[in-house]
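Heads up, the thing below is written out as structure tokens.
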Amino acid sequence: MIERLLRSTILSRWDSGKVLVILGARQVGKTTLIQSICESKGDFLYLTGDDIPTRLQLENIGLAQLRQIIQQHPTIFIDEAQQIPNIGIIAKLIHDQMKEVRIIVSGSSSLELLSSINEPLTGRKWEYHLYPISFTEIKNHFGYLHAVQSLENYLIYGTYPEVLNHPGDEQAILKQLSGSYLYKDLLDYQGIRRPEILFKLLVALSLQVGAEVSYNELSHLLQVDRHTIETYISLLEQAFVIFRLSSFSRNMRNEIKSGRKIYFFDNGVRNALINNFNPIALRTDIGALWENFLVSERVKRNSYQQLFHNRYFWRTHAKQEIDYIEEYNGQIYAYGFKWSGKKHIRLPESFSKSYPNTSFQTITKDNFMEFVDV
């Protein structure tokens, strides 16, 4: 099993006395990771919200019944907890009334889970996010040389655990994952009234990776109102399929102030949606693939290191742009992405004048490791 970076963080909080909440998309390895930790620690009770009898048994349960279920188990792991009504109240009841019991909760969607646990568990939880396998985790497991030599494969097929563990079956696995399983919680959610629009929207977003996304254009393309587009994109974010970058704007009149770019957490899912698994040499979208890979890997890196940096892109109405910006401790760090290192990108003069002392770096396949490595 590939060692996950989040493992050490979870272990450091194991005896904190708080509920551990692990979020992440389906199939990223939450169950495998948490079960392996629980097994290494000894006895534990495993319950999953995907099991209907378990879900019904926990619905409106009282303290006495909880004690009967948990009995002498020192740890309880509740998987896919977003499926269980009132899971926040249940976790709070165990935390407050059964001090000797350690609670771990996982969820593949924040649609219901966070809204049901945030208030009951205020001050009682540690919350973390698990992503598809990161490049650092691949490097640590397989070695630097193998990871770098396989880079183009990750750009095409992504890094979901099942994809990495079944070479030769990548396309079939990704087709199944992107077909419905990844969005199971969304399709069960009452806010999704037209599933066919959801899939068309995903395809449209797949084709616009690295470009500024217009909700009005998507609305026109899919023949639905703008509010539906905004709602579905928000729901896809909460299911950990995509994430947004906002535009950076402080001083310049010409800056785009309300733009957004949308990325996928995994390249393989994005390529499955557009049914394009062609090798790098035959692709016209290598720039988009490279940008999506770098930004998603940077998100993983910062999350696992618990670096809470603001992240943006920058663009002007005159078409000047910066692919990626981080801001923290009053400092601006700007990056340009280039698959080929033959021509380096320059920081736009208008940006450097408006934001002096900005650090700028071009990230290519020759130097990307320090950008994504933990």
> If you draw the axis of the six-membered ring of Y312, does the NZ or CZ of R250 fall within 45° of it and under 6.0 Å from the ring centre?
Replying inline: yes

For Q305, the side-chain contact (heavy atoms from CB on, under 4.5 Å) test, sequence neighbours excluded, returns R301, L307, V374

**Asked** Does the pair C38 and W14 meet the rule for a side chain to side chain contact (heavy atoms under 4.5 Å, CB included), with working shown?
**Response** CA-CA 10 Å; C38 289; W14 193 251; 3.9 Å; yes

Contacts of K92 meeting salt bridge (charged side-chain N to carboxylate O under 4.0 Å, His left out) (sequence neighbours excluded), chain-then-number -> D96

Side-chain heavy atoms under 4.5 angstrom apart, residues restricted to Ile, Leu, Val, Met, Phe, Trp, Tyr: same cluster for I89 and M98? no

Next on the checklist: Is it the case that atom NZ in K200 sees more than 12 heavy atoms from other parts of the structure closer than 6.0 Å?
Outcome noted: no

By side-chain contact (heavy atoms from CB on, under 4.5 Å), Q176 pairs with (sequence neighbours left out) none

Less than 3.5 Å apart, any donor N or O on the side chain of E230 or S234 sitting next to an acceptor on the other?
no

**Message:** Checking the side chain of Y157 only, and the main-chain atoms of P167 only, is there a donor and an acceptor separated by less than 3.5 Å?
**Reply:** no

Closest heavy-atom pair, Y131 versus R4, reported as atoms and distance to 0.1 Å, is O-NH2, 2.6 Å

Item to complete: For the pair I363 and V372, evaluate side chain to side chain contact (heavy atoms under 4.5 Å, CB included) and give the outcome as yes or no after the intermediate values.
Response: CA-CA 10 Å; I363 306 298; V372 305; over 6 Å; no

For Y160, the ring-ring contact (aromatic ring centres under 6.0 Å, His included) test, sequence neighbours excluded, returns none

Applying side-chain contact (heavy atoms from CB on, under 4.5 Å) to A334 and not counting sequence neighbours gives I322, I325, L347, T358, F360

Students should find that the hydrophobic cluster of L207, defined by side-chain heavy atoms under 4.5 Å apart, otherwise consists of V203, I274

>> Starting from Y215, can I reach V224 by hopping between I/L/V/M/F/W/Y residues whose side chains sit under 4.5 Å apart?
In response: yes

Item checked: Enclosure of N357 CG (heavy-atom neighbours >12, cutoff 6.0 Å) -> no

Residues passing the side chain to side chain donor-acceptor pair (under 3.5 Å) test with D225, sequence neighbours excluded, are T228

- I would like to know whether F337 and F368 meet ring pair (Phe, Tyr, Trp, His ring centres under 6.0 Å); could you show each step before the answer? CA-CA 9 Å; F337 301 141; F368 77 97; over 10 Å; no

- Message: Taking the basic N atoms (NZ, or NE/NH1/NH2) and the acidic carboxylate oxygens, is any pair closer than 4.0 Å for R298 and E326?
- Response: yes

Kindly say whether the aromatic ring centers of Y328 and Y333 come within a distance under 6.0 Å. yes

Residues 259-287 vs salt bridge (Lys or Arg N to Asp or Glu O under 4.0 Å), sequence neighbours excluded, gives K261-E291, R270-D285, R283-D285

Rounded to the nearest 0.5 Å, the CD1 atom of I10 sits from the OG atom of S16 at a distance of 11.5 Å

**OP:** Could you state whether I90 and L45 fall into the same hydrophobic cluster, counting links through intermediate Ile, Leu, Val, Met, Phe, Trp or Tyr residues with side-chain heavy atoms under 4.5 angstrom apart?
**Re:** yes

Problem set entry | Crowding at CG, L282 (>12 non-hydrogen neighbours, <6.0 Å) | yes

Side chain to side chain contact (heavy atoms under 4.5 Å, CB included) between V299 and Y263: does it pass, once the steps are laid out? CA-CA 11 Å; V299 168; Y263 298 91; over 6 Å; no

Closest non-hydrogen contact found for V101 with I70 is CG2-CG2, 4.1 Å

- [ ] Take the angle between the ring planes of Y355 and F351 and call it parallel below 30°, perpendicular above 60°, tilted in between.
- [x] tilted

Sequence neighbours excluded, the answer for side chain to side chain donor-acceptor pair (under 3.5 Å) partners of K365 is none

Query raised in the report: Counting only heavy atoms not in H317, do more than 12 sit closer than 6.0 Å to its NE2 atom?
Result: yes

side-chain contact (heavy atoms from CB on, under 4.5 Å) with I133: of T159, V163, N165, only one passes, and it is T159

Mind checking whether L56 and L58 sit in one hydrophobic cluster, side chains of I, L, V, M, F, W, Y counted as touching below 4.5 Å? no

Scanning both residues in full, the closest heavy-atom pair of L5 with S134 reads CD1-OG, 3.8 Å

Requested in this report: Assess whether atom CZ of F142 is packed by more than 12 heavy atoms of other residues, nucleotides or ligands within 6.0 Å.
Outcome: yes

Exercise. Are K300 and F265 close enough, and set up right, to give a side chain to side chain contact (heavy atoms under 4.5 Å, CB included), and what steps lead you there?
Worked result: CA-CA 9 Å; K300 298 175 191 177; F265 279 112; 5.9 Å; no

Q. Are Y144 and M369 side-chain neighbours, meaning at least one heavy-atom pair lies under 4.5 Å?
A. yes

Under 3.5 Å, which donor-acceptor pairs link side chains of residues 21-34 to any protein atom two or more places apart or in another chain?
unit_1 : atom_1 : unit_2 : atom_2 : d
R26    : NE     : S108   : OG     : 3.4
R26    : NE     : D185   : OD2    : 3.2
R26    : NH1    : D50    : OD2    : 3.3
R26    : NH1    : Y181   : OH     : 3.4
R26    : NH2    : D50    : OD1    : 3.3
R26    : NH2    : D185   : OD1    : 3.2
K30    : NZ     : G24    : O      : 3.1
K30    : NZ     : A25    : O      : 2.9
T31    : OG1    : D79    : OD1    : 3.4
T31    : OG1    : D79    : OD2    : 2.4

Here the pair of heavy atoms bringing V105 nearest to A81 is CG1-CB, 3.3 Å

Check: Are Q82 and E80 linked by a side-chain donor-acceptor pair shorter than 3.5 Å?
Finding: yes

Sorted by chain and residue number, the side chain to side chain donor-acceptor pair (under 3.5 Å) partners of K353 (sequence neighbours excluded) come out as E349

#### Entry: Same apolar cluster: F199 and L236, side chain cutoff 4.5 Å
yes

**Request:** Tell me, yes or no, whether the heavy-atom count around Q72 atom CD, taken from other residues, nucleotides or ligands under 6.0 Å, exceeds 12.
**Result:** no

The reported gap from CD1 in I103 to NZ in K125 (rounded to nearest 0.5 angstrom) is 13.0 Å

Between the CG atom in L11 and the CD1 atom in I37, the distance rounded to the nearest 0.5 Å is 5.0 Å

### Task
Find out whether S36 and R7 are in side-chain contact, i.e. whether some heavy atom of one side chain is under 4.5 Å from a heavy atom of the other.
yes

Subject >> Side chain to side chain, F293 and L151, heavy atoms closer than 4.5 Å >> reply: yes

Contacts of E321 meeting side-chain contact (heavy atoms from CB on, under 4.5 Å) (sequence neighbours excluded), chain-then-number -> R315, D323

